[in-house]
Novice: 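Before I ask anything, here is the structure I am working with.
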There are 2 protein chains.
Amino acid sequence: MSVQERKQRERAERERLIVATARELAEQQGWDAVTTRRLAERIEYSQPVLYSHFRGKREIIGAVALGGAAEMAAAVRAAASAADGPRARVTALARAYLDFADRNPAVYDAMFQLDGGLAFAQEDTPEPLKDAFAALLESLSEVAGDGVHPGLFTEVFWAALHGLATLTRSGRLPPGDAERRVELLVDRLAVV
Amino acid sequence: MSVQERKQRERAERERLIVATARELAEQQGWDAVTTRRLAERIEYSQPVLYSHFRGKREIIGAVALGGAAEMAAAVRAAASAADGPRARVTALARAYLDFADRNPAVYDAMFQLDGGLAFAQEDTPEPLKDAFAALLESLSEVAGDGVHPGLFTEVFWAALHGLATLTRSGRLPPGDAERRVELLVDRLAVV
DNA sequence: TCGATTGTCTAGCGGTGCTAGGATTCGAAT
DNA sequence: ATTCGAATCCTAGCACCGCTAGACAATCGA
């Protein structure tokens, strides 16, 4: 059985390689540059190999998104746990979120802009996505305010962050006042 | 000269037809279905004709976006002017914005999700875009609060609306509680 | 050693945005 | 009325896309 196990390991390793390469290529040249041909060339296999791991390009995007969600959850939790007090935690969380989006635009797109074929806000939502939301919820429920459902508050806060992240990156908001916008957002939304 | 004038009129009319057809097709079947071939077929001309009006598909998206911006500005102003008091105006504005995004998803995408080659938040930003932002600013500056720059406040409020609009439509936020989210957002952001 | 299974590749399908270059139409000047 | 020149439009094609059928080679179990 050891031979089969080795093959399985190698297969899993190759799958990781595909996802990592897709992510790398997307961050370097944008998702438009991530074509099945280029991706196949980079991993030094032919195109059909991609389809033996994923149903199509969409699923590859989805795989990148899941990895990114785990990473973002960790980043948000790390930032929050390093801050003292609910208010400081929320500010740190907001900065960490926007920082992640800024540093990993392609991954962020895979998670929240592109179609990766993933289910959101449902029972069959993949665990990393649920957990990323949970990471936001943990710090945000502290400042939701009395009588306000923490989940609902988190959704609104998240939506605001998402709007800031996407509009800023696409040049639709001037890049300069990012920090002031974060402060205003936290000031108003968070109930001390 | 009348012949030339007629030709110019016909050309302008055909350009409107292209933009209207692109918008229609995008709303019916999504922007992916708006290919130069299909678009050319619908307007009953060959593909190269499109390129005598626009540099490429991107510019067509941009043209749709400009028309949409004018429409959205009007919708927002109409809703705001029908409400009494600053607080009610902002609620009406938020509902009108989200309603527009919901009813015209393809146009909304052309404006805020896709690349239409338009300049945002700069001097050379097209007038309809500036005016759409101005329409938000008019009602929102009433509730920005003392010492808060109205433009900055509008940016934050707009970003929140944009996040709600896009995350809801892509299924990343549960569709049910949309109204409650709007109320929470207005409650917290607007200074009565 | 042989047959079957697994793995991988070449080649190709129908589609995309975009364009070169030829054909046609049509106004204007003789 | 005829001819010339310019403007207009279309056919055909380029390089690329996501995806897949089917041929081929390598590997495994008997």
Novice: Roughly how many Å is it from CD in B:E59 to C1' in C:dC18, rounded to a whole number?
Specialist: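 In whole Å, C:dC18 C1' and B:E59 CD are 14 Å from each other.
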Novice: Measure CD1/B:I43 against C1'/D:dT8 and give the value in whole Å, please.
Specialist: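 Computing the B:I43:CD1 to D:dT8:C1' distance gives 14 Å.
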Novice: State yes or no: are the ring centers of B:W158 and B:F112 separated by less than 6.0 Å?
Specialist: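 When the ring centroids of B:W158 and B:F112 are compared, they turn out to be within the sub-6.0 Å range.
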Novice: Tell me the interatomic distance from B:E41, atom CD, to D:dC9, atom P, rounded to whole angstroms.
Specialist: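 Atom-to-atom, B:E41 to D:dC9, this comes out as 18 Å.
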Novice: Which part of the nucleic acid does A:T35 contact within heavy-atom distance under 4.0 Å: base, sugar-phosphate only, or nothing?
Specialist: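 Sugar-phosphate contact only - A:T35 comes under 4.0 Å of backbone atoms but never of a base.
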Novice: Below 4.0 angstrom from OP1 or OP2 of C:dG17, is there any side-chain N or O of B:T36?
Specialist: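 Checking B:T36 against C:dG17: at least one side-chain N or O falls below 4.0 Å of OP1 or OP2.
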Novice: Centre-to-centre under 6.0 Å for B:H162 and B:Y108, is that the case here?
Specialist: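 Distance test on ring centres: under 6.0 Å, yes.
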Novice: Could you state the NE2-C1' distance from B:H53 to C:dT19, rounded to the nearest angstrom?
Specialist: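 Taking NE2 of B:H53 and C1' of C:dT19, I get 17 Å after rounding.
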Novice: Applying side-chain hydrogen bond (donor to acceptor under 3.5 Å, both in side chains), run through A:H53 and A:Y45 and close with a yes or a no.
Specialist: CA-CA 12 Å; A:H53 289 271; A:Y45 283 94; over 6 Å; no
Novice: Quick check against the 3.5 Å criterion: does B:T125 have a side-chain atom that pairs as donor or acceptor with the backbone of B:A119?
Specialist: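 Confirmed, B:T125 side chain pairs with B:A119 backbone.
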Novice: Which whole-number value in Å describes the distance from B:E10 CD to D:dA7 P?
Specialist: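 For the pair B:E10 CD and D:dA7 P, the rounded distance is 17 Å.
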Novice: What is the distance, to the nearest angstrom, from the OH atom on B:Y51 to the P atom on D:dT8?
Specialist: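 It works out to 19 Å between those atoms.
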Novice: Ignoring hydrogens and angles, are the base of C:dC9 and the side chain of A:Q47 linked by a donor-acceptor pair under 3.5 Å?
Specialist: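 Donor-acceptor pair under 3.5 Å: no.
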Novice: Rounding to an integer number of Å, can you tell me how far A:Q8 CD sits from C:dG7 C1'?
Specialist: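 These atoms are roughly 15 Å apart.
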Novice: Checking all strands, does B:R14 fall into the base, sugar-phosphate, or nothing category for heavy-atom contacts under 4.0 angstrom?
Specialist: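 Answer is sugar-phosphate: B:R14 comes under 4.0 Å of backbone atoms only.
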Novice: Rounded to whole Å, please give me the gap between CZ in B:R38 and P in C:dG15.
Specialist: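 Value for this atom pair: 9 Å.
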Novice: Tell whether A:R37 reaches the base of D:dG18 with its side chain through a donor-acceptor pair below 3.5 angstrom.
Specialist: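 A donor-acceptor contact between them is present.
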